[in-house]
**Q** 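The following block contains the structure, expressed as structure tokens.
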Amino acid sequence: MTTDSPATPPNTKSMDDIMSLCKRRGFVYPASEIYGGINGFWDYGPMGAQLKKNLRDAWWTDVVMRGCNGKLGPDGKPVSIVPVDTCIIQNPKVWEASGHVAGFNDPMVTDMSTPDGKRFRADHLYGFSLMPKPVAENMQLLAEHLAGRMTIEAHPELTVIASTLGEALAQLQGDKRSTKKYTFDGFQEHETNGVKNLMSLATRSDGAEYVAMIHQVTMDEYAKDIEKIPSPFTGKAASLTPPRAFNLMFKTFIGATASEDDVAYLRPETAQGIFVNFKNVVDTTRVSVPFGIAQTGKSFRNEVTPRNFTFRSREFEQMEIEFFCHPDDAKDWYVFWRDWRMQWWQDLGLRGENLILREHDCDELAHYAKEGAGTSDIEYRFPFTAPGYGELEGIAHRTDFDLAQHEKHARAKLKYFDSTRGELAKNGQPKGEHYLPHVIEPSGGLDRGVLAILCEAYTVDESRPSPEFMKFHPRIAPIKAAVFPLVKKDGMPEKAAELHGELRQKFGHLGAIEYDEKQSIGKRYARMDEAGTPYCFTIDGDSLTDGTVTVRDRDTGQQERMKMEDVAAFLGEKLGV
RNA sequence: GCGGGUGUAGCUCAGUGGUAGAGCGUCACGUUGCCAACGUGAAUGUCGUCGGUUCGAAUCCGAUCACCCGCUCCA
């Protein structure tokens, strides 16, 4: 970041206009639109599917096949990456080990008064309340209270975490804070409007009589009186966050009977498929640490609020690398990946100050990254986040958290034997070292990448005949080139069809090569501008006599003339092949 | 999850109780020798969905769904 340059204006492009173009030109459609759509899901049309494939291919080629495009790692050696393609559905124990199932399946409350922000299930909080006896004697009033139709001042004085009422009672009876001050004549269960409570007469040390109640803290009480509920850990009031349902995991059933015994989950990240195959890859493919395993694929999360076009959707595709290295080298590799991934996005056209690299502060680090060398985000300033930014890719030092978890839960030996380390033996060879590798995880969002590229490419220039156009980098443009006969006569269509066939044969594996003879030449150029086609080749009268064609550049509108036989070489160079 | 807004042709939108419209785009034919050219013609609508009020609903009422914005949330 430079400090003396003027502030970049926020991204002022209109998201409505971008979405409109995406629909009009077949980039993105609302999923199952003819049925009214479905919240949080989007489909890609012909243009979008090819754009997305081109981005995925660029990643696959540059990261996996070319090992960071040939850039040497911090150890001075070529970067080694191998791909896998693992299942969306894994053994449910995978997600127990990774922590995805246990912590985030139920409404959770976070206790901000504890140093580490303890989190517990909302329905596991039980409160101990006291009511003056005269009120309790009026059972009608009490019933109204229990049904939530009226409030009487009976906020819990004390809370505990328990999964049942009985467990709560046991805990409270062992808690000096209550037993020191009160004597009880025995708790009995009462049920009012389906709500079960334990109630007892209580006598305070000074002789005052109360009704004591142990009850589960209801959602209603959270909503109304959360400020007054004391922390179960510290006793402080006003320290609980409202219950939040983290229905992160998509649940499904294996087999036709669909019973609770057959529960499985759609993966919330591709990473775990890599971790559980770490040993397989090490044992079968002659890789050695440091090396990475890469995977692209769909993941699923029940987002709280899917929003902002495709930015936060419930089904999305990731491009993930888990890079395994010796713990001592983790810092170097973290820096390497962070910088190279930033460079990669820039090279695809996300230049300028709409793209930033942001190092996380300590307090926002994920649980698995606390001990690590750091986490950073590559963020893009989308029109809907401006002047803020939205995450495109996260680069995290995950330490050995995941491998350690799987080692424990699966009781598998995942330690790596590194024969290049350890003290030297008598013969001068290292003795080797067993260790659990640390992991640097560059995890990118493919759909978010596509969205960023769409937003970046969208350009309005009122001075052009076609003001609205898409400035895709040629490498990811879904249509690579178009061939036109200037007019539909005099043998021009035949000549153009010939060139079209040749280009399609040579470059069709990279993207579409279009042929268009409909309507005026200006309209055809405009159509291609809107689809983001970088080059248009036009056959005119001269083509028939001297074998030259014109090539028009999308961004400048400039034309130049070249020999027809040079067209393929020209386009190949522009596409970087 | 809460609050606000929007929903009519592929896109942008008009239509406030009485025949479903415009511009652009698309397609066809003609014209056209390089930048959304011109002429003629054509196709395209569960008016988001369901229900109610009414002789009659795109229009009024209710519910619901989707999208947008703000809050919240996002290991």
Side-chain angles (χ1 to χ4, degrees), chain A residues 14-26 28-42 45 95 98-105 107-108 110 117 119 219 222-223 241-249 268-269 271 301-312 314 364-370 375 377 383-385 390-391 394 396 398 401-402 463-469 484-490 492 517-530 536-544 549-554 556-561:
Chain A
S14 154
M15 209 55 216
D16 284 348
D17 291 345
I18 292 170
M19 288 172 70
S20 161
L21 184 141
C22 281
K23 174 74 188 294
R24 191 165 72 239
R25 298 309 311 233
V28 179
Y29 309 129
S32 37
E33 189 185 11
I34 62 170
Y35 288 96
I38 176 167
N39 191 357
F41 298 87
W42 298 87
W95 309 112
S98 68
H100 287 90
V101 171
F104 302 96
N105 231 356
M108 303 295 282
T110 307
R119 184 172 280 158
M219 289 300 156
Y222 278 116
T241 62
R244 291 176 294 239
F246 289 90
N247 289 317
L248 171 76
M249 299 286 276
E269 61 175 22
R301 295 183 195 182
N302 263 321
E303 294 289 354
V304 180
T305 312
R307 198 173 278 197
N308 288 329
F309 202 25
T310 60
F311 183 77
R312 177 168 292 129
R314 291 188 162 133
E364 60 178 319
L365 291 179
H367 57 94
Y368 52 74
K370 288 266 187 237
T375 297
D377 281 349
F384 49 80
T385 60
E391 181 183 348
R398 289 181 77 125
F401 177 85
D402 301 274
S463 71
R464 291 165 58 104
S466 53
E468 211 177 16
F469 68 112
F484 307 145
L486 183 58
V487 287
K488 196 168 45 175
K489 64 179 185 185
D490 299 339
M492 291 182 207
E517 57 178 29
K518 305 281 177 63
Q519 299 176 316
S520 72
I521 190 72
K523 198 165 280 193
R524 282 178 272 166
Y525 284 145
R527 259 201 292 256
M528 285 302 147
D529 283 348
E530 210 177 46
C536 295
F537 300 96
T538 301
I539 307 294
D540 59 19
D542 293 346
S543 310
L544 305 173
V549 302
T550 61
V551 52
R552 171 193 180 266
D553 183 281
R554 175 196 63 205
T556 64
Q558 296 299 306
Q559 292 181 54
E560 65 179 283
R561 191 158 271 283

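The shown structure was predicted, so the numbers you read here are calculated from the model rather than taken from an experiment. The sequence lines fix the lettering, A, B, ..., with proteins before strands; numbering per chain opens at 1.
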**Q** Name the nucleic acid region contacted by A/F309, choosing base, sugar-phosphate or nothing; use a 4.0 angstrom heavy-atom cut-off, strictly under.
**A** sugar-phosphate
**Q** Does a nitrogen or oxygen in the side chain of A/K523 sit under 4.0 Å from OP1 or OP2 of B/G25?
**A**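 So the side chain of A/K523 is within the cut-off, an N or O lying under 4.0 Å from OP1 or OP2 of B/G25.
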**Q** Is any side-chain N or O of A/N39 closer than 4.0 Å to OP1 or OP2 of B/C67?
**A** yes
**Q** Side-chain N or O of A/Q519 less than 4.0 angstrom from OP1 or OP2 on B/U32?
**A**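 For B/U32, neither OP1 nor OP2 has a side-chain N or O of A/Q519 closer than 4.0 Å.
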**Q** From CD of A/E517 over to P of B/A28, roughly how many Å is that when rounded to an integer?
**A**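 It is 9 Å, rounded to the nearest whole Å.
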**Q** Tell me what A/G557 touches on the nucleic acid: a base, only sugar-phosphate, or nothing, going by heavy atoms under 4.0 Å.
**A**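 The answer is base, as A/G557 lies within the cut-off (heavy atoms under 4.0 Å) of a base atom.
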**Q** Please pick, from B/C68, B/C34, B/A36, the nucleotide with the shortest atom-to-atom distance to any side-chain atom of A/T550.
**A**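 Among B/C68, B/C34, B/A36, the one nearest the side chain of A/T550 is B/C34.
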**Q** Please give the distance between the C1' atoms of B/A43 and B/G48 as a whole number of Å.
**A**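 Going atom to atom, C1' in each nucleotide, I get 23 Å.
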**Q** Give none if B/A14 has no partner; otherwise give the nucleotide forming a Watson-Crick or G-U wobble pair with it, both distances under 3.5 Å.
**A** none
**Q** Once salt bridge (charged side-chain N to carboxylate O under 4.0 Å, His left out) is applied, do any residues pair with A/E560, and if so which ones, sequence neighbours excluded?
**A**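 In terms of salt bridge (charged side-chain N to carboxylate O under 4.0 Å, His left out), with neighbours along the sequence ignored, A/E560 is linked to no residue.
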**Q** What about A/Y35: does its side chain form a donor-acceptor pair under 3.5 Å with the base of B/C65?
**A** no
**Q** Could you tell me how far B/C11 sits from B/A36 if I compare only their C1' atoms? Round to whole Å.
**A** 14 Å
**Q** What is the separation between atom CG on A/D490 and atom C1' on B/U31, rounded to the nearest whole Å?
**A**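 Rounded to whole Å, this separation is 14 Å.
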**Q** Would you mind classifying the nucleic acid contact of A/I34 as base, sugar-phosphate or nothing, using non-hydrogen atoms under 4.0 angstrom?
**A** base
**Q** Looking at the side chain of A/E269, which of B/A75, B/C35, B/C69 is the nearest nucleotide?
**A** B/A75
**Q** Nearest to the side chain of A/K518 - B/C69, B/C29, B/A28?
**A** B/A28
**Q** Assess the side chains of A/S20 and A/D17: does a donor N or O sit below 3.5 Å from an acceptor N or O?
**A** no
**Q** Check if the side chain of A/R301 and the base of B/C74 share a donor-acceptor pair of N or O atoms closer than 3.5 Å.
**A** no
**Q** Please confirm whether A/R552 makes a cation-pi placement over A/Y525, using NZ or CZ under 6.0 Å from the six-membered ring centre and within 45° of the ring normal.
**A** yes
**Q** Does the side-chain contact (heavy atoms from CB on, under 4.5 Å) test come out yes or no for A/L486 and A/I539, once each step is laid out?
**A** CA-CA 6 Å; A/L486 183 58; A/I539 307 294; over 6 Å; no
**Q** Heavy atoms from C-beta onward define the side chain here; which of B/C27, B/C67, B/C34 lies closest to that of A/D540?
**A** B/C34
**Q** Is A/S520 near enough to B/A37 that one of its side-chain N or O atoms lies under 4.0 angstrom from OP1 or OP2?
**A** yes
**Q** Within the structure shown, what part of the strands sits under 4.0 Å from A/R552 by heavy-atom distance: base, sugar-phosphate, or nothing?
**A**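 Base, at least one base atom sits under 4.0 Å.
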**Q** Check for a donor-acceptor pair, side chain of A/D553 on one end and backbone N or O of A/T556 on the other, with a separation under 3.5 Å.
**A**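 Yes, because the side chain of A/D553 sits within donor-acceptor range (under 3.5 Å) of the backbone of A/T556.
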**Q** Ring pair (Phe, Tyr, Trp, His ring centres under 6.0 Å), that's the test. Do A/F309 and A/F384 meet it? Break it down for me.
**A** CA-CA 9 Å; A/F309 202 25; A/F384 49 80; 8.4 Å; no
**Q** Round to a whole Å and report the spacing from CD of A/Q558 to C1' of B/C34.
**A** 13 Å
**Q** So what's B/C73 paired with, Watson-Crick or G-U wobble, going by both distances under 3.5 Å?
**A**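 Checking every strand shown, B/C73 finds no partner, since no pair has both distances under 3.5 Å.
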**Q** Would a distance-only check, ignoring hydrogens and angles, find a side-chain to backbone donor-acceptor pair under 3.5 Å from A/R312 to A/R307?
**A** no
**Q** Kindly determine whether A/N302 and A/R314 satisfy side-chain contact (heavy atoms from CB on, under 4.5 Å), including the steps that lead there.
**A** CA-CA 6 Å; A/N302 263 321; A/R314 291 188 162 133; 3.9 Å; yes
**Q** For B/C50 and B/A57, measure between their P atoms and round to the nearest Å.
**A** 14 Å
**Q** Does the pair A/R398/A/E269 count as a salt bridge with the N-to-O cut at 4.0 Å?
**A**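 A salt bridge is present here (some side-chain N lies under 4.0 Å from a carboxylate O).
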**Q** Base, sugar-phosphate or nothing for A/M15? Non-hydrogen atoms, less than 4.0 Å.
**A** nothing
**Q** My understanding is that only residues two or more places apart in sequence, or in another chain, count here; which of them pass side chain to side chain donor-acceptor pair (under 3.5 Å) with A/Q519?
**A**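 Applying side chain to side chain donor-acceptor pair (under 3.5 Å) to A/Q519 gives A/R527.
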**Q** Report which part of the nucleic acid A/G40 touches: base, sugar-phosphate, or nothing (heavy-atom distance under 4.0 Å, all strands).
**A**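 Result for A/G40 = sugar-phosphate.
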**Q** P atom, B/A14 versus B/U26: distance in rounded Å?
**A** 24 Å
**Q** When you compare B/G18 with B/G25, how far apart are their P atoms, in angstrom units rounded to a whole number?
**A** 32 Å
**Q** Suppose you measure atom C1' in B/G23 against the same atom in B/A9; what distance do you get, rounded to whole Å?
**A**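 Each nucleotide's C1' atom is 12 Å from the other's.
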**Q** Take nucleotides 3-13 of chain B nucleotide by nucleotide from the 5' end and write B, S or -, depending on whether a protein heavy atom sits under 4.0 Å from the base, only from the sugar-phosphate, or from neither.
**A** -------SSS-
**Q** Check whether any side-chain nitrogen or oxygen of A/N308 sits under 4.0 Å from OP1 or OP2 of B/C67, and answer yes or no.
**A** no
**Q** Just the rounded figure in Å: distance from P of B/A36 to CZ of A/R524.
**A**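 Spelled out: CZ on A/R524 to P on B/A36 is 12 Å.
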**Q** Does the structure show a Watson-Crick or G-U wobble partner for B/U26, both distances under 3.5 Å? Name it, or say none.
**A**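 B/A42 is the nucleotide pairing with B/U26.
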**Q** When you compare B/U6 with B/U31, how far apart are their C1' atoms, in angstrom units rounded to a whole number?
**A**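 To the nearest whole Å, 44 Å.
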**Q** Starting at atom CD of A/E468, determine the distance to atom P of B/C24, rounded to an integer number of angstrom.
**A** 16 Å
**Q** Using atom P in both nucleotides, what's the gap between B/U49 and B/A58 to the nearest angstrom?
**A** 10 Å
**Q** Over all strands shown, is A/L486 touching base, sugar-phosphate only, or nothing at heavy-atom distances under 4.0 angstrom?
**A**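 If one applies the 4.0 Å heavy-atom cut-off, A/L486 turns out to touch a base.
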**Q** Tell me whether the OP1 or OP2 atom of B/U32 has a side-chain N or O from A/K488 closer than 4.0 Å.
**A** no
**Q** Taking the side chain of A/R312 as its heavy atoms from C-beta onward, which of B/U26, B/C34, B/C73 lies nearest to it?
**A**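 Per side-chain heavy atoms of A/R312, the pick is B/C73.
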**Q** Does B/A63 pair with anything, Watson-Crick or G-U wobble, both distances under 3.5 Å, and if so, with which nucleotide?
**A**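 Base-paired to B/U49.
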